[in-house]
Amino acid sequence: FFLMIRRPPRSTQSRSSAASDVYKRQVLLHSRAFVPWAALGLCIGAYDNAIKYLSERKQFGVPLTSFQLVQEKLTRMMGTIQAILMFNWRITKLYEQNKASIGQIALNKAWVTLKGREVVALARELLGGNGIILDNFAIKAMADMEGLYTYEGTYDVNALIAGRDLTGIPAFKVSSKQ
């Protein structure tokens with residue numbers, strides 16, 4: 001069966017390999033540009049579930065949402081969610097106009113998933129011991145956010161891509177010219 005297989009000449013292989021590399025870079029660029037939107041969805045879901053839980057749960061006869069530290073954490077969560085939304089919106093607009101650099105897209109992905117981890121961690125923290133129960137979404141959001149944090153390059157790799165865009169120096173590959 002395998003005796004009839006013919007291998008193309010090397011020049012054909014290198015051309016298809018080069019085309020394949022371009023395609024892979026395009027796929028990575030496109031997916032990296034849209035991962036931050038998934039992170040935003042997790043943040044909003046964590047916030048919504050936290051506020052619902054905290055509004056319904058009473059302590060000393062009042063909802064948990066009436067306590068100062070709870071309100072501070074909810075405010076911090078919402079402020080970060082709003083910042084993520086605006087950053088995602090701006091990068092998406094640049095992307096649609098073919099004006100977004102790989103560094104800008106990498107910075108967006110890195111920063112949003114970093115801040116997204118903080119948002120879902122606050123949601124888990126606000127729910128106390130119930131924050132680790134799957135029904136309350138917070139621990140699931142934390143696990144999912146970790147996946148996004150490492151998907152399409154870890155935070156560190158994306159930060160280095162953004163750093164290269166900012167400085168013109170690729171720190172992830174030391175150059176002998178430095």
Side-chain angles (χ1 to χ4, degrees), residues 7-48 50 72-126 137-178:
R7 200 174 110 208
R10 284 225 183 268
S11 62
T12 306
Q13 286 178 335
S14 63
R15 267 193 313 240
S16 65
S17 177
S20 175
D21 288 346
V22 169
Y23 175 72
K24 289 175 191 172
R25 281 193 297 273
Q26 287 175 342
V27 168
L28 284 171
L29 178 68
H30 297 319
S31 58
R32 189 175 276 140
F34 295 102
V35 165
W37 287 104
L40 175 63
L42 285 174
C43 290
I44 292 170
Y47 177 85
D48 285 347
E72 185 278 330
K73 288 175 183 169
L74 289 170
T75 301
R76 196 169 1 143
M77 289 172 71
M78 184 51 69
T80 303
I81 288 168
Q82 292 296 314
I84 289 171
L85 174 64
M86 295 312 297
F87 197 0
N88 285 355
W89 175 83
R90 180 63 183 143
I91 293 298
T92 299
K93 288 299 177 191
L94 289 172
Y95 180 81
E96 289 171 348
Q97 298 165 2
N98 291 320
K99 293 180 180 178
S101 72
I102 184 66
Q104 290 170 319
I105 291 169
L107 176 62
N108 184 42
K109 194 271 182 188
W111 187 84
V112 165
T113 57
L114 179 70
K115 293 301 178 180
R117 289 170 94 198
E118 292 175 15
V119 170
V120 297
L122 283 168
R124 208 252 14 109
E125 185 179 323
L126 282 166
F137 186 72
I139 199 72
K140 182 182 181 322
M142 285 184 76
D144 290 346
M145 188 64 75
E146 286 300 312
L148 292 178
Y149 184 75
T150 57
Y151 179 68
E152 294 305 337
T154 63
Y155 168 83
D156 296 320
V157 169
N158 281 289
L160 290 175
I161 292 168
R164 178 189 62 194
D165 207 42
L166 293 169
T167 65
I169 303 168
F172 46 83
K173 183 177 181 184
V174 178
S175 172
S176 61
K177 296 179 183 179
Q178 292 181 345

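Hydrogens, waters and symmetry mates play no part in the numbers below; they use all other heavy atoms, side chains included.
Side-chain contact between N88 and F34: absent, with no pair of heavy atoms (C-beta onward) separated by less than 4.5 Å. At a threshold of 4.5 Å between non-hydrogen side-chain atoms, the residues L94 and R90 count as touching. Using a 4.5 Å heavy-atom cutoff, the side chains of C43 and I84 are in contact. The shortest side-chain heavy-atom distance between K109 and I161 does not fall under the 4.5 Å cut-off. For the pair V120 and Y47, the minimum side-chain heavy-atom distance is 4.5 Å or more.
Summarising the geometry, atom CG belonging to L166 is positioned 9.0 Å from atom CD belonging to Q104; distances are rounded to the nearest 0.5 Å. Taken to the nearest 0.5 Å, the CZ atom of R76 stands 9.0 Å off from the CG atom of L126. Interatomic distance, CG of L122 versus NZ of K73, reported as 7.0 Å (0.5 Å rounding).
Panel note: side chain K99, backbone K93; no donor-acceptor pair is recorded below 3.5 Å. In this structure a side-chain-to-backbone donor-acceptor pair under 3.5 Å is missing from K115 to A110.
A pairwise comparison of heavy atoms in M77 and A123 identifies CE-CB, 3.7 Å as the closest pair. The two residues W37 and L85 make their nearest non-hydrogen contact at CZ3-CD1, 4.0 Å. Contact detail for S101 and D165: the closest heavy-atom pair is OG-OD2, 2.7 Å. Of all non-hydrogen atoms in W111 and A83, the two that sit nearest each other are CH2-CB, 3.8 Å.
For the pairing with Y149, the side-chain contact (heavy atoms from CB on, under 4.5 Å) check across N158, V112, T113 returns one residue only, T113.
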